[in-house]
Amino acid sequence: MKSITAFLLAACMMVAVGCDESAFDEEADALRDATQQQAEDIRDSSQNAAENIRDQAQMKAESIRNQADNAPDATEDAAEDRADMIEERGETAADQKENLGEKKADSLEEAGENEADRLEEIEVE
């Protein structure tokens with residue numbers, strides 16, 4: 001029992017000695033973690049919004065196709081063209097939403113990394 005306690009105490013001491021991070025280093029790590037989480041949330045949000053845009057465009061296009069099912073060929077062709085255009089617009093809008101979210105997330109991560117680096121450069125005496 002005494003040897004286990006001594007071993008655990010020695011292990012704790014090694015960990016404590018190895019942890020010479022300053023408060024600024026810890027704050028920098030926390031900042032990195034927080035900005036990375038925020039960036040992930042932004043990416044997830046923009047991807048969900050993009051999927052909603054795609055789904056809505058798909059539903060609208062399918063509705064147009066279904067309405068023209070028993071129509072004359074010319075009307076059916078025009079409806080198909082319109083449905084394709086709606087799907088293309090939806091895809092373009094969704095892609096733009098994802099790209100905007102990705103840029104915003106990247107910018108946030110970069111700003112967080114720069115601030116964290118600045119904090120780590122502060123020397124504590």
Side-chain angles (χ1 to χ4, degrees):
M1 185 69 161
K2 288 182 181 181
S3 62
I4 292 174
T5 305
F7 175 74
L8 290 175
L9 182 60
C12 289
M13 292 299 288
M14 285 191 285
V15 169
V17 169
C19 294
D20 63 349
E21 282 192 355
S22 72
F24 291 114
D25 291 338
E26 290 175 12
E27 187 176 341
D29 290 342
L31 180 61
R32 281 189 185 96
D33 291 344
T35 55
Q36 286 174 352
Q37 183 59 52
Q38 288 173 340
E40 279 183 45
D41 292 345
I42 290 168
R43 286 185 182 99
D44 289 345
S45 176
S46 66
Q47 287 173 352
N48 289 336
E51 283 305 312
N52 287 338
I53 292 168
R54 286 184 183 98
D55 290 345
Q56 289 174 358
Q58 183 68 34
M59 288 177 13
K60 189 172 183 179
E62 286 303 314
S63 175
I64 290 169
R65 287 184 181 106
N66 290 339
Q67 290 174 0
D69 267 348
N70 298 325
D73 286 345
T75 304
E76 198 170 335
D77 290 345
E80 184 63 34
D81 290 344
R82 184 166 181 239
D84 289 345
M85 183 181 66
I86 288 170
E87 286 175 334
E88 285 179 38
R89 285 184 186 165
E91 188 62 35
T92 300
D95 289 347
Q96 288 173 343
K97 187 72 165 175
E98 284 177 330
N99 289 336
L100 183 62
E102 188 64 33
K103 286 179 183 177
K104 187 175 180 181
D106 288 348
S107 177
L108 180 64
E109 283 178 329
E110 185 176 340
E113 187 63 33
N114 290 339
E115 181 63 17
D117 288 347
R118 188 188 66 74
L119 286 170
E120 287 177 334
E121 290 174 1
I122 297 173
E123 290 188 26
V124 179
E125 305 266 338

- Message: Restricting to salt bridge (charged side-chain N to carboxylate O under 4.0 Å, His left out), what partner residues turn up for E27, sequence neighbours left out?
- Response: none
Side chains of residues 99-113: which donor-acceptor partners sit under 3.5 Å, not counting sequence neighbours?
residue : atom : partner : partner atom : Å
N99     : ND2  : D95     : O            : 3.3
E102    : OE1  : R43     : NE           : 3.1
E102    : OE2  : R43     : NE           : 3.0
E102    : OE2  : R43     : NH2          : 3.3
D106    : OD1  : R43     : NH2          : 2.6
E109    : OE1  : R43     : NH2          : 3.1
E109    : OE2  : R43     : NH1          : 3.4
E113    : OE1  : R32     : NE           : 3.0
E113    : OE2  : R32     : NE           : 3.0
E113    : OE2  : R32     : NH2          : 3.2

- Query: Can you name the nearest heavy-atom pair linking F24 to I122, along with the distance?
  - Reply: CE1-CG2, 3.5 Å
- Roughly how far, to the nearest 0.5 Å, is the CD atom of Q47 from the CG atom of D44? 6.0 Å
- Item | With I53 via side-chain contact (heavy atoms from CB on, under 4.5 Å) - residues at least two apart | A93, A94, K97
- Task: Applying side-chain hydrogen bond (donor to acceptor under 3.5 Å, both in side chains), name anything that partners E88, two or more places apart in sequence or on another chain.
- Result: none
- Considering all heavy atoms of both residues, which atom of A61 and which atom of E87 are nearest to each other, and what is their separation? CB-CG, 3.6 Å
List the atom pairs, with distances to 0.1 Å, where a side-chain N or O of residues 74-83 and a protein N or O form a donor-acceptor pair under 3.5 Å, not counting sequence neighbours.
residue : atom : partner : partner atom : Å
E80     : OE1  : R65     : NE           : 3.0
E80     : OE2  : R65     : NE           : 3.0
E80     : OE2  : R65     : NH2          : 3.2

- Item | Q37 side chain to D41 side chain, donor-acceptor N/O pair below 3.5 angstrom | yes
- Query: I64: which other cluster members, linking ILVMFWY side chains closer than 4.5 Å, directly or transitively?
  - Reply: I86
- Item | Atom CG of D69 with >12 non-hydrogen neighbours under 6.0 angstrom | yes
- Of all residues at least two apart in sequence or in a different chain, which pass the side-chain hydrogen bond (donor to acceptor under 3.5 Å, both in side chains) check with Q38? none
- Output the rest of the hydrophobic cluster of M85: all Ile, Leu, Val, Met, Phe, Trp and Tyr residues reachable through side-chain heavy-atom contacts under 4.5 Å, sorted by chain and number. none
- Message: Just to verify, what does E51 make a side-chain hydrogen bond (donor to acceptor under 3.5 Å, both in side chains) with, not counting sequence neighbours?
- Response: R54
- Task: Might you work through the side-chain hydrogen bond (donor to acceptor under 3.5 Å, both in side chains) test for N66 and E62, ending with a clear yes or no?
- Result: CA-CA 6 Å; N66 290 339; E62 286 303 314; 5.0 Å; no
- Query: What distance do T35 atom OG1 and E40 atom CD have between them, rounded to the nearest 0.5 Å?
  - Reply: 10.5 Å
- Item | N/O donor-acceptor pair under 3.5 Å between S63 side chain and M59 backbone | no
